[in-house]
Amino acid sequence: MLYSKSHMFTGIIRELGTITKKQKRDNGLRFNIRSTKLHPKLGDSISVNGVCLTVTARNKNTFMVDVVKETIRRAHFDTLHAGNTVNLEPSLKLGDTLDGHLVLGHVDGVGKVVVFTPTKVTIAFSQKLATFIVEKGSITLNGVS
């Protein structure tokens, strides 16, 4: 029997974390992220800029996540460096209030912001993604619903 767990998020950012270290690894990248409000435990899922990642280590105010090549290909983690801030949201627990939308944190592709004003954001995306985007549906931009 296969067991798969899928974590849900709301798209409501709980903290801006700071990348303190980026390391190249054989299978991808490892990031150390400073977080003073959130204290995820080893093995917890956390949304980092909208991508569901697993905490692989932690100390007082820093946790580590590993980003595999497939995730790097589908998201923008190769452009992040020490000193950059990232949007953080812990996964929902049963009984938590839903303040935003239900989002998975599994990235299907990356769009490009072509218009950004206080009242409008226009995003260009590939035709391949058009099938998954519904009128009046929800998407996230760096984890924000």
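For this chain, numbers begin at 1 and follow the sequence in order.
- For residues 74-88, the set of pairs meeting the salt bridge (charged side-chain N to carboxylate O under 4.0 Å, His left out) definition, not counting sequence neighbours, comprises E70-R74.
- Applying the under-4.5 Å side-chain rule to Ile, Leu, Val, Met, Phe, Trp and Tyr, the cluster around I12 consists of that residue alone.
- Rounded to the nearest 0.5 Å, atoms CG (L29) and NZ (K69) are 10.0 Å apart.
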What pairs of donor and acceptor atoms, side-chain ones from residues 113-124 against any protein atom, are under 3.5 angstrom apart with sequence neighbours left out?
unit_1	atom_1	unit_2	atom_2	d
T117	OG1	T119	N	3.3
T117	OG1	K120	N	3.0
T117	OG1	K120	O	3.3

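- Contacts classified as ring-ring contact (aromatic ring centres under 6.0 Å, His included) and involving residues 43-67 (residues at least two apart or in different chains) are not found.
- As a member of the Ile/Leu/Val/Met/Phe/Trp/Tyr network built from side-chain separations under 4.5 Å, L16 groups with nothing else and remains a singleton.
- Note on I13: it does not cluster hydrophobically with V51, by side-chain heavy-atom contacts below 4.5 Å among ILVMFWY residues.
- Linking ILVMFWY residues whenever their side-chain heavy atoms come closer than 4.5 Å, directly or via other members, leaves M64 and I33 in distinct clusters.
- Of all heavy-atom pairs between V55 and P40, the closest is CG2-CB, 3.7 Å.
- V144 and L92 fall into different hydrophobic clusters, where Ile, Leu, Val, Met, Phe, Trp and Tyr side chains are chained together by heavy-atom contacts under 4.5 Å.
- The two atoms that bring I46 and E89 nearest to each other are CG1-O, 3.4 Å, heavy atoms only.
- With sequence neighbours left out, the side chain to side chain donor-acceptor pair (under 3.5 Å) criterion links S91 to no other residue.
- Shown here for P90 and L38, the closest heavy-atom pair between the two residues is CD-CD1, 3.8 Å.
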Apply side-chain contact (heavy atoms from CB on, under 4.5 Å) to residues N32 and Q23 and explain how you reach the verdict. CA-CA 9 Å; N32 292 28; Q23 296 172 273; 4.2 Å; yes
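- Pairs of residues two or more places apart, or lying in two chains, that qualify as side chain to side chain donor-acceptor pair (under 3.5 Å) and include a residue from residues 55-68 are R30-D66.
- Between L88 and V48 the shortest side-chain heavy-atom distance falls below 4.5 Å.
- By the side chain to side chain contact (heavy atoms under 4.5 Å, CB included) test, S126 pairs with K128, L129, sequence neighbours left out.
- Among residue pairs with one or both ends in residues 10-21, those qualifying as salt bridge (charged side-chain N to carboxylate O under 4.0 Å, His left out) are R14-D99; sequence neighbours excluded.
- Sorted by first and then second residue, the pairs that involve residues 28-59 and meet ring-ring contact (aromatic ring centres under 6.0 Å, His included), not counting sequence neighbours, are F31-F77.
- A distance-only check finds a donor-acceptor pair linking the side chain of N49 to the backbone of N87 [under 3.5 Å].
- Put simply, the side chain of K22 gets close to the backbone of L80: a donor and an acceptor are under 3.5 Å apart.
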